[in-house]
There are 2 protein chains.
Amino acid sequence: MTEPALPRAERRRRTEQRILDAARDLFAEHGFERTTIRAVAAAAEVDPALVMQYFGNKRRLFAEAVRVADPADSAASPEEAVEQLLGTLGVKMRLPPASLAMLRSMLTHPEAAATAREALSRQVGQVGAALPGEGAPLRAALMTAVLLGVTVGHQLLELDELREASHDDIVAALRPALRALAEPGA
Amino acid sequence: MTEPALPRAERRRRTEQRILDAARDLFAEHGFERTTIRAVAAAAEVDPALVMQYFGNKRRLFAEAVRVADPADSAASPEEAVEQLLGTLGVKMRLPPASLAMLRSMLTHPEAAATAREALSRQVGQVGAALPGEGAPLRAALMTAVLLGVTVGHQLLELDELREASHDDIVAALRPALRALAEPGA
DNA sequence: TCGTTGAGTCAACGCCTGTTGAGCGAAATG
DNA sequence: CATTTCGCTCAACAGGCGTTGACTCAACGA
């Protein structure tokens, strides 16, 4: 009639995953403070107490929900760095919920801010290593900030002018700007 | 001994201003949800009930705190638009608390998001009007997003690589990138 | 001088939050 | 079949929140 009665271990794994997925979505949509354990539990069709039992507390649940595998590939030339950043941006137009969740909360939740700073600094380091000339760290940081701004404007603030454009157009329009930052300035 | 006993009207005006200043600072530092009426009242050395009496509710207090006079000056040429944006960025390195408060909450507080969208769209419109060629709205939006990203990275996330650089270096490094966006692309 | 106004306080309300410990019942184990 | 394990729920707690209404008392106007 109902479920084919899965083994207990499997059932447990699936429930935990369901909670994690629900948490990710809600954190991504409303941020850390506006997302309640109760809402997560309801979305996962589970008792709030179970969420606590599996993840300990709200902060740990958030930390688990925003955990994401980082690429850690590095570029050899400035052109490669630019194309790599543009590539992640193309991907980011469908940013994974985990990253969205972190970005959404990074301005108001201290731990999300720390995670964001860490991830961005890593990117700055990688990009900076591929840039020539003086002031490479600053220019790498600015390139990262550019992508941050576009991502925030597009995915989080949902600015009309960015939403109306195709991903390809955005990438194409951004390329010269990033190239300009990749070269040592005047 | 104590105060020289100001007239009632003046005293009232000053108290209201003290509350508003405290609210701005706390909203800018912690965002909407993490800032409590009680904390604002304490910072203004006033009873929480007085905050409600003067501003009605927390949302209205926030709205008052983030209100800011917008410049509304428009550029005639692409170069002028670029310099104007860089100028506001130079200023933004010491961004007024009201703007900081709005930016801090724009990702998690719906009304702050609406205010931010409005302000950014206005800027996109102004910049776009000064740009030549096709796709001007998109390029204007990207220029705005670039400044947003740099501001967020510098003021809110406080990325080391941006904090370590001087304002002039940032403006100088950014200029070619914005110029590239100001011109019609390939 | 006396009644009125209004700036500011006090104590409390109802609500929602994260979090906890006891308990149930079905699956696992022997 | 008897027993243990454990996924999961239930009911409740303490604390903090925004918000309210009654009150106090000094400044004001006549």
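Because the structure is predicted, anything quoted here is derived from the model rather than measured.
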Task: Nucleotide of D:dT9, C:dT9, C:dT17 approaching A:Arg38 most closely (side-chain heavy atoms) - done: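 Minimum distance to the A:Arg38 side chain belongs to C:dT17.
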TODO: Check every atom of C:dG18, D:dC8, C:dC10 against the side chain of A:Gln53 and return the nucleotide holding the closest atom.
DONE: D:dC8
TODO: Describe, in one word, how the ring planes of B:His109 and B:Phe32 are oriented to each other, choosing from parallel (under 30°), tilted (30 to 60°) and perpendicular (over 60°).
DONE: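 Parallel, since the angle between the ring planes stays under 30°.
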Open item on the list: I'd like to know if B:Arg175 and B:Glu83 make a salt bridge, using a cut-off of under 4.0 Å between side-chain N and carboxylate O.
Closed with: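 Counted as a salt bridge, because a side-chain N and a carboxylate O are separated by less than 4.0 Å.
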Open item on the list: Does this structure show an ion pair linking A:Glu10 with A:Arg14, if we count only N-O contacts that are shorter than 4.0 Å?
Closed with: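 Yes, this pair counts.
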Rounded to whole angstrom units, what separation is found between the [atom1] atom of [X] and the [atom2] atom of [N]?
X       : N      : atom1 : atom2 : answer
B:Asp47 : D:dC17 : CG    : C1'   : 15 Å
B:Asn57 : D:dT19 : CG    : P     : 5 Å
A:Ile37 : D:dA12 : CD1   : P     : 21 Å
B:Glu10 : D:dA26 : CD    : C1'   : 17 Å
A:Leu50 : D:dG7  : CG    : C1'   : 7 Å
A:Glu33 : C:dG18 : CD    : C1'   : 13 Å
A:Glu45 : D:dT9  : CD    : P     : 10 Å
A:Phe55 : C:dG18 : CZ    : P     : 15 Å

Open item on the list: Quick check on the helix from C:dT1-D:dA30 to C:dG30-D:dC1: what's the angle between its two end axes, five base pairs per end, to the nearest 10°?
Closed with: 0°
So, OP1 or OP2 of [N]: does either fall under 4.0 Å of a side-chain N or O from [X]?
X       : N      : answer
B:Arg12 : C:dA7  : yes
A:Thr15 : D:dG7  : no
B:Thr36 : D:dG16 : no

Evaluate the side-chain proximity of [Y] to [X]: yes if any heavy-atom separation is below 4.5 Å, no if none is.
X        : Y        : answer
A:Pro78  : A:Glu183 : no
B:Val152 : A:Val152 : no
B:Arg67  : B:Glu64  : yes
B:Pro184 : B:Glu134 : no

TODO: For B:Arg8 and for B:Tyr54, find the nucleotide of DNA chain C with the closest heavy atom, then tell me which residue's nucleotide is more 5'.
DONE: B:Arg8
